[in-house]
Amino acid sequence: MPLTKSANGRKRRPLIGCTTYRKMADNNPPFELFGIRPSYIDAISAVGGIPILIPLSLPEEDILEIYDRVDGLLIPGGGDINPRKYDGDTENPWIAGVDDDRDRVEFILVQTAVEQEKPMFAICRGHQVFNVALGGSLWEDVHSQLPDALTHDYYRTHPLSYPAHTVEINTDSRLARYLGTTQAKVNSLHHQGVRDLAPLLKATAYSPDGLIESVEVPGHPFALGVQWHPENMFRDNPAWLGVFAGLVEAAKKN
Ligand code: MN
């Protein structure tokens, strides 16, 4: 058998490193797991990327070794960021699911990817991590702090793909380019939102109540955050794969 460098004889495809959640498995006795919802994996795979999971708990130098080997990053959804990270209200009763170690790992990756121009796509919590890691802040709980806001926390009551509200997308944004539209109906599975925008970020989409629903780093090859969950919508509307394809295309050039 001839010796080849790759196991399947094909050209290498871009590796997309995905950060993970820490969860307790309900075994008896329970134990800790690192994981991610399969919808993110399916979306990356559907556009030719190779998803690979990045564990939590590693020291910074190990995280950076993984960072160096991946061609792009996906920062998925999850629990709330510790409000201490943005000088927020730690007493807000709606804050849930804080994991300081996950904040630490994702802040390192996001800051490095922005600085070194590695392609990165940040979804929901990821979009919020993107903003806070670069110096922005959050509404600790949109519904109690902004009484005029639309309902954004459909995760309690509706299917994950439920089209909750529209977003108005800037014509000159990367997001509009990959989606081919400046108006979209999106799902909404969050109770927090961007308050003060980080200095490096540009808001590129808003919900009708004025909440920032998408951000980009101008001039970066691909650093994009969305407050909604395209990985739960692409099966109903394949146009959503366009954003994942944008990430993978940018990762190929990295
Ligand atoms: Mn929303």
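In what follows, residues are counted from 1 in the order of the sequence shown. Quick caveat, the model's predicted, so the values are computed rather than measured. Order of listing sets the numbers, starting from 1, for every ligand and every atom in it. Hydrogens, waters and symmetry mates are skipped; everything else that's a heavy atom, side chains included, is used.
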(message) Can you count the protein N/O/S atoms lying under 2.8 Å from the Mn ion (ligand 1), leaving waters out?
(response) 5

(message) When you measure from the side chain of Thr112 to the backbone of Ile108, do you find a donor-acceptor pair of N or O atoms at a distance under 3.5 Å?
(response) yes

(request) Please check if the distance between the ring centroids of Phe121 and Phe244 is under 6.0 Å. (result) yes

(request) Give the intermediate values and the outcome of salt bridge (charged side-chain N to carboxylate O under 4.0 Å, His left out) for residues Arg125 and Asp80. (result) CA-CA 7 Å; Arg125 168 194 155 89; Asp80 296 346; over 6 Å; no

(message) On the six-membered ring of Tyr67, is Lys118 placed so that its NZ or CZ lies under 6.0 angstrom from the centre and within 45° of the ring axis?
(response) yes

(request) Establish, for the pair Arg195 and Tyr86, whether the NZ or CZ atom is under 6.0 angstrom from the six-membered ring centre and no further than 45 degrees off its axis. (result) no

(request) Flag the pair His143 / Leu150 as yes when at least one side-chain heavy-atom distance between them is below 4.5 Å, and no otherwise. (result) no

